[in-house]
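Chain identifiers are assigned alphabetically (A, B, ...) following the order of the sequence lines, protein sequences preceding nucleic acid strands; residue numbering begins at 1 within each chain. Since this is a predicted model, take the numbers as computed values, not measurements.
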Number of protein chains: 2
Amino acid sequence: MQNPLVRKLDRYIHLSETDRHCLAEAVSPVRMVAARTDIIHEGDDPRAVNVILDGWACRYRQFANGRRQIVALLLPGDPCDPHVFLLDVMDHAIGAITPVALGQISGGALQTLTARSAGLDIAFHREALATAAVQREWTVSLGSRTGIERLAHLFCELHARLAAVGLADDTTCPMPITQNDLGDAMGQTSVHINRTLQELRGLGLITLRSRRLTIHDPAALARLGHFDPTYLHLTAEAGSAAARRA
Amino acid sequence: MQNPLVRKLDRYIHLSETDRHCLAEAVSPVRMVAARTDIIHEGDDPRAVNVILDGWACRYRQFANGRRQIVALLLPGDPCDPHVFLLDVMDHAIGAITPVALGQISGGALQTLTARSAGLDIAFHREALATAAVQREWTVSLGSRTGIERLAHLFCELHARLAAVGLADDTTCPMPITQNDLGDAMGQTSVHINRTLQELRGLGLITLRSRRLTIHDPAALARLGHFDPTYLHLTAEAGSAAARRA
DNA sequence: CGGGTGTTTGAGGGTTGTCAACTGTTGTGG
DNA sequence: CCACAACAGTTGACAACCCTCAAACACCCG
C-alpha cells in the first residue's frame with residue numbers, strides 16, 4: 001500500500017517520481033494510538049509534521065456539560081498537528097476515532113524537501129489551503145444545511161477525500177464512525193442522526209452497514225447535499241494506478 | 001491612527017520598534033471598496049497580502065436559493081486574501097459590509113520582511129494559526145451553541161478582536177452590521193436574531209444602537225456565550241499606549 | 001453466554017423558520 | 001425643512017425541525 005500522504009499531495013499538484021520517492025522516504029512511522037484516546041505530541045519538534053498513515057481521527061472541543069463538537073475529521077494522509085506549540089496554549093484536542101497509525105516528517109526533513117522541490121512546496125501549501133476550505137465548508141454545513149443535507153454532504157466529502165488517497169472505489173468507502181460521532185460532528189444528537197440515516201436509506205441513496213458506506217446514487221446524493229467538490233481543490237488523479245492504466 | 005495590521009501582529013508577538021516601522025512602510029494603501037460590493041483581486045500578485053485598513057468585510061458563500069452563509073468576519077488589520085490564485089478556483093467570495101479601505105504588501109516586500117525579522121515571521125505565522133482557530137470556533141458555535149449563546153459569543157469575540165487593534169474601549173465597540181448579516185453569519189434568520197437581541201437586552205447584558213455595541217456586563221456575557229478568549233491567541237497588549245502608560 | 005457498546009423507536013416539548021405585515025430610521029432631493 | 005423612498009428593525013401566528021428522556025433491541029467480543 002502506497003503512503004497516503006504521497007497519494008494525497010499528488011492530487012494537489014502532479015509530483016515527479018523523485019518527489020514521491022523523497023516524500024515517502026521522509027515519513028517515518030512513529031506509533032500506534034488506540035481508538036478513543038487522544039493524540040498528543042507534547043515536547044515534539046514544533047516544526048515536524050505528524051501524518052495519519054492509517055485510521056480515522058478528529059479535532060474536537062469538549063464542553064463542561066458533556067457535549068462534544070467535532071470540528072474536523074482526519075483521514076489517512078491528513079496532517080494532524082495542532083500547531084499549538086507555536087502558540088502557547090491548546091484550543092482543541094485531537095482524538096483517535098479508530099486505532100490510528102501515525103507517521104512523522106521532522107522539521108528539518110520537511111524544510112529540505114520543500115527547498116529542493118518546488119512541486120512539493122506547492123503541494124504542502126495547497127494542502128493547507130484545502131484544509132482551510134474544508135473547515136469553511138463545515139461552517140457552511142452547520143450554518144445553512146438541514147440535517148439530511150448535512151449528512152449527504154458529509155458522505156460526499158468523505159467519499160471524495162478517501163478516494164483521493166485510494167481508499168474508496170466508485171460507490172463505497174469505509175465509514176468507521178458511530179452515529180454518536182456523526183452527531184458530534186454535525187451538531188445534532190445521535191437520535192436525530194439515526195432518523196436522518198433512515199430517511200437517506202428510505203430514499204434509496206445509501207446503505208451504511210458494518211462500518212462501510214455504499215452510495216447508490218452519487219449524483220442524487222450530491223444534489224441533495226448541495227455538494228460541489230470544487231472546495232476540495234483536488235486535481236485529476238495523475239499519478240495513480242488508474243491514470244497509468246488509461 | 002496607527003496601522004491596524006501593525007497593532008494586530010504586535011499582539012501575537014511583541015514587535016521591536018524597527019519591526020513595526022518596517023511593516024508599516026511595507027503596507028501601501030490600494031483602494032476603497034463600496035459597501036455591499038465584492039472585493040476581488042483577479043490578476044493580483046498571488047503572493048501579495050491584502051489587508052483591511054478600515055471597515056468591515058466578510059467571507060461568504062451564496063446559494064442558488066438566495067440563502068447566504070457568512071463564514072468569517074474581516075476586521076481592520078485582517079488579511080483578506082482568498083489565496084485562490086495558488087488554487088485554480090474560488091470556493092467563496094469576499095464582500096465589503098461597510099465601505100472598506102484596502103492596503104497591500106507585495107509578495108517581495110513580505111518575503112523581505114519575514115526573512116529579515118524572525119519576530120515578523122512568527123507574527124505572520126501566528127496570525128494564520130489564529131485565523132484557523134477562529135474558523136474552528138465558528139464551527140463550534142454553529143454546531144453546538146444556542147441562538148443566544150452564539151450571539152453572546154460573537155459579540156465577545158468581535159469586541160476582543162477590535163480591542164486588539166485599538167478600535168474598542170472597555171465596554172463598547174463599533175458594530176456596523178445589520179441583523180440580516182448577523183443572521184447570515186450565525187446560521188439563523190434575521191427574525192430570530194431580532195428576538196435573541198431583545199433577550200440579550202432584556203437580560204441587561206448589552207445595548208446595540210446606532211451601529212455601536214455596548215457590553216454592560218462583560219463577564220456575564222462571556223459566561224452566557226461560553227467565551228474563552230484563549231483561541232484568539234492574543235498576548236497582553238505590549239506595544240500599546242495603555243501598556244506604555246503602565 | 002454475558003456484558004458492553006451501538007442502534008432503533010416512541011412521545012412530548014422547545015427552538016427556530018416562514019410568511020406577512022407594520023413600524024422606525026436614514027438619507028436625499030425638492 | 002419637509003416629503004418621500006429605501007432600508008432596517010419589530011411583531012404575531014403557525015409550522016417544521018430537532019432535542020430530551022426513556023426504553024428496547026441488535027451486535028460484537030471476550
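In this model, the phosphate group of dT10(D) is not approached by any side-chain N or O of Gln198(B) to a distance below 4.0 Å at OP1 or OP2. Close to dT8(C), at under 4.0 Å from its OP1 or OP2, lies a side-chain N or O of Asn194(A). Look at Arg36(A) and you'll find a side-chain N or O under 4.0 angstrom from OP1 or OP2 of dG6(C).
Just one of Gln135(A), Arg136(A), Glu137(A) meets the side-chain hydrogen bond (donor to acceptor under 3.5 Å, both in side chains) condition when paired with Thr139(B); it is Gln135(A).
Atoms CD1 (Ile97(A)) and C1' (dG6(C)) sit 15 Å apart, rounded to a whole Å. Distance, Leu200(A) CG to dT8(C) P: 12 Å, rounded to whole Å. Computed from coordinates, the Leu197(B) CG to dA8(D) P distance equals 15 Å when rounded to whole Å. Between the P atom of dG6(C) and the CG atom of Asp181(A) lies a distance of 8 Å, rounded to the nearest Å. Here the C1' atom of nucleotide dT26(C) and the CZ atom of Arg209(B) are 16 Å apart, to the nearest Å. Atom pair Asn180(A):CG and dT5(C):C1' shows a separation of 10 Å (rounding to whole Å applied). Between Leu182(A) atom CG and dT8(C) atom C1' there is a gap of 15 Å when expressed in whole angstrom units. In this structure, Gln179(B) places its CD atom 12 Å from C1' of dC7(D), rounding to the nearest Å.
A heavy-atom distance below 4.5 Å is found between the side chains of Phe155(A) and Leu197(A).
Sorted by first and then second residue, the side chain to side chain donor-acceptor pair (under 3.5 Å) pairs involving residues 208-223 of chain B (not counting sequence neighbours) are Thr172(B)-Arg212(B).
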**Report entry** Annotated protein contacts, base or backbone, on nucleotides 18-30 of chain D with a non-hydrogen cut-off under 4.0 Å, one of B, S, - each
**Finding:** BSBB---------
Report task. Decide side-chain hydrogen bond (donor to acceptor under 3.5 Å, both in side chains) for Asn180(B) and Thr178(B); before the verdict, give the C-alpha distance in whole Å, the side-chain angles of both, and the deciding distance to 0.1 Å. Result -> CA-CA 5 Å; Asn180(B) 221 320; Thr178(B) 66; 5.6 Å; no
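At distances below 3.5 Å, not a single donor-acceptor pair connects side-chain atoms of His153(B) with backbone N or O atoms of Leu224(B).
One distance of note links CG of Leu53(B) with CZ of Arg31(B); it measures 11.5 Å at 0.5 Å rounding.
Within the 4.0 angstrom heavy-atom criterion, only backbone atoms of the sugar-phosphate kind lie near Arg211(A); the bases stay farther away.
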Side-chain atoms of residues 62-75 of chain A: list all donor-acceptor pairs with protein atoms under 3.5 Å, sequence neighbours left out, distances to 0.1 Å.
unit_1   : atom_1 : unit_2    : atom_2 : d
Gln62(A) : NE2    : Gly66(A)  : O      : 3.2
Gln62(A) : NE2    : Arg67(A)  : O      : 3.3
Asn65(A) : OD1    : Arg67(A)  : N      : 2.9
Arg68(A) : NE     : Asp184(A) : OD2    : 2.9
Arg68(A) : NH2    : Asp181(A) : OD1    : 2.6
Arg68(A) : NH2    : Asp184(A) : OD2    : 3.2
Gln69(A) : NE2    : Asp184(A) : O      : 3.1
Gln69(A) : NE2    : Ala185(A) : O      : 3.2

